[in-house]
Amino acid sequence: MSKAIQSLTLTADQVNALWEHCVLTTYSDGFTVTPEMERLCKFVADQRPIFDRLRCLTRADERERAVIARPARRAAA
């Protein structure tokens with residue numbers, strides 16, 4: 001992943017939404033994302049150029065395919 005190209009300053013409300021999102025992502029089996037969390041995620045994602053976002057999505061897709069393929073490969077062996 002490329003290095004951050006700029007600092008990111010968040011409001012107190014954004015920090016709280018990000019903290020909540022991180023806690024729920026780390027310590028729960030699933031949750032409903034609040035509108036505040038969605039806005040913050042979009043705000044953070046939009047800080048990088050579209051090419052960086054597409055590269056990120058491509059890498060994530062490759063990781064997902066690799067994880068899904070592992071059980072199939074083991075079952076076929």
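The structure presented is a predicted model; accordingly, all values stated were derived computationally and were not measured.
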Q. Is any side-chain heavy atom of His21 closer than 4.5 Å to a side-chain heavy atom of Thr25?
A. yes
(Q) I'd like to check the ring-ring contact (aromatic ring centres under 6.0 Å, His included) partners of Phe43; sequence neighbours left out, ordered by chain and number. (A) none
(Q) Nearest 0.5 Å, please: how far is CG in Asp61 from SG in Cys56? (A) 11.0 Å
Q: Could you tell me which non-hydrogen atom of Leu40 sits nearest to which non-hydrogen atom of Gln14, and how far apart they are?
A: CD2-O, 3.0 Å
Q: Taking the side chain as every heavy atom from C-beta outward, state whether Glu36 and Asp13 have any pair of such atoms under 4.5 Å apart.
A: no
Q: Mark yes or no for whether Arg48, through its side chain, and Arg53, through its backbone, hold a donor-acceptor pair below 3.5 Å.
A: no
**Q.** Single-linkage hydrophobic cluster, 4.5 Å side-chain cutoff, Val23 and Leu18 together
**A.** no
Q | Backbone N/O of Arg59 and side chain of Glu62: donor-acceptor pair under 3.5 Å | A | no
Q: Could you pull out the closest heavy-atom pair between Phe31 and Met37, with the gap in Å?
A: CE1-SD, 4.0 Å
Q: Could you pull out the closest heavy-atom pair between Leu24 and Ser28, with the gap in Å?
A: O-OG, 2.5 Å
